[in-house]
*Asks:* 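Structure incoming, see below.
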Amino acid sequence: MKKVEAIIKPFKLDEVKEALHEIGVSGITVTEAKGFGRQKGHTELYRGAEYVVDFLPKVKLEVVVTDAMVESVVEAIASAAQTGRIGDGKIFVFAVESALRIRTGERDNDAI
């Protein structure tokens, strides 16, 4: 099993969710996040005063899938989230040692 974690632009969330649904992903966890990468934030003008916005709004998606689905999940997220501009985000893949569905007691692949 693998955990796929993606940091994307908030307005791309619906497109990514649809892309994952189309390939058979049954559930995702979404968290609102703030951060910056190479874009290093930006400067804004508010009531005549200039200030730096260091952390930009992002969305973090987490999906746990079988090893066989990892490539298709990564490709689906990447193609749906891409705008071609700086700040599109990143995708990380982690190994998952174990999973347990609390309601039924199912473990590992059966739990996801």
*Asks:* Would a hydrophobic clustering, with Ile, Leu, Val, Met, Phe, Trp and Tyr connected at side-chain separations under 4.5 Å, put I7 with V73?
*Replies:* no
*Asks:* Checking the side chain of K58 only, and the main-chain atoms of G87 only, is there a donor and an acceptor separated by less than 3.5 Å?
*Replies:* yes
*Asks:* Spell out, yes or no, whether V70 and I23 are grouped together once hydrophobic residues are joined by side-chain heavy atoms under 4.5 Å, including indirect joins.
*Replies:* yes
*Asks:* Roughly how far apart are L13 CG and E32 CD, rounded to 0.5 Å?
*Replies:* 9.5 Å
*Asks:* Indicate, with yes or no, if I112 and V63 share a hydrophobic cluster defined by side-chain heavy-atom contacts under 4.5 Å among Ile, Leu, Val, Met, Phe, Trp and Tyr.
*Replies:* no
*Asks:* Look up atom NZ in K60 and atom OG1 in T29, then write down how far apart they are to the nearest 0.5 Å.
*Replies:* 10.0 Å
*Asks:* To the nearest 0.5 angstrom, please state how far the CG atom of L20 sits from the CG atom of L61.
*Replies:* 7.0 Å
*Asks:* Does M1 belong to the same Ile/Leu/Val/Met/Phe/Trp/Tyr cluster as I77, with side-chain heavy atoms less than 4.5 Å apart forming each link?
*Replies:* no
*Asks:* Does either side chain, that of T83 or that of D88, offer a donor lying less than 3.5 Å from an acceptor on the other one?
*Replies:* yes
*Asks:* Locate the shortest heavy-atom distance separating A76 from A19; write the atom from each residue and the value.
*Replies:* O-CB, 3.9 Å
*Asks:* Do the side chains of V93 and K3 get nearer than 4.5 Å, heavy atoms only?
*Replies:* no
*Asks:* Answer yes or no: does atom CZ of R101 have more than 12 heavy-atom neighbours from other residues, nucleotides or ligands under 6.0 Å?
*Replies:* yes
*Asks:* Which atom names give the shortest non-hydrogen contact between P57 and P10, and what distance separates them?
*Replies:* O-CD, 3.4 Å
*Asks:* Below 4.0 angstrom, N of the basic side chain to O of the carboxylate: do E15 and K17 qualify?
*Replies:* no
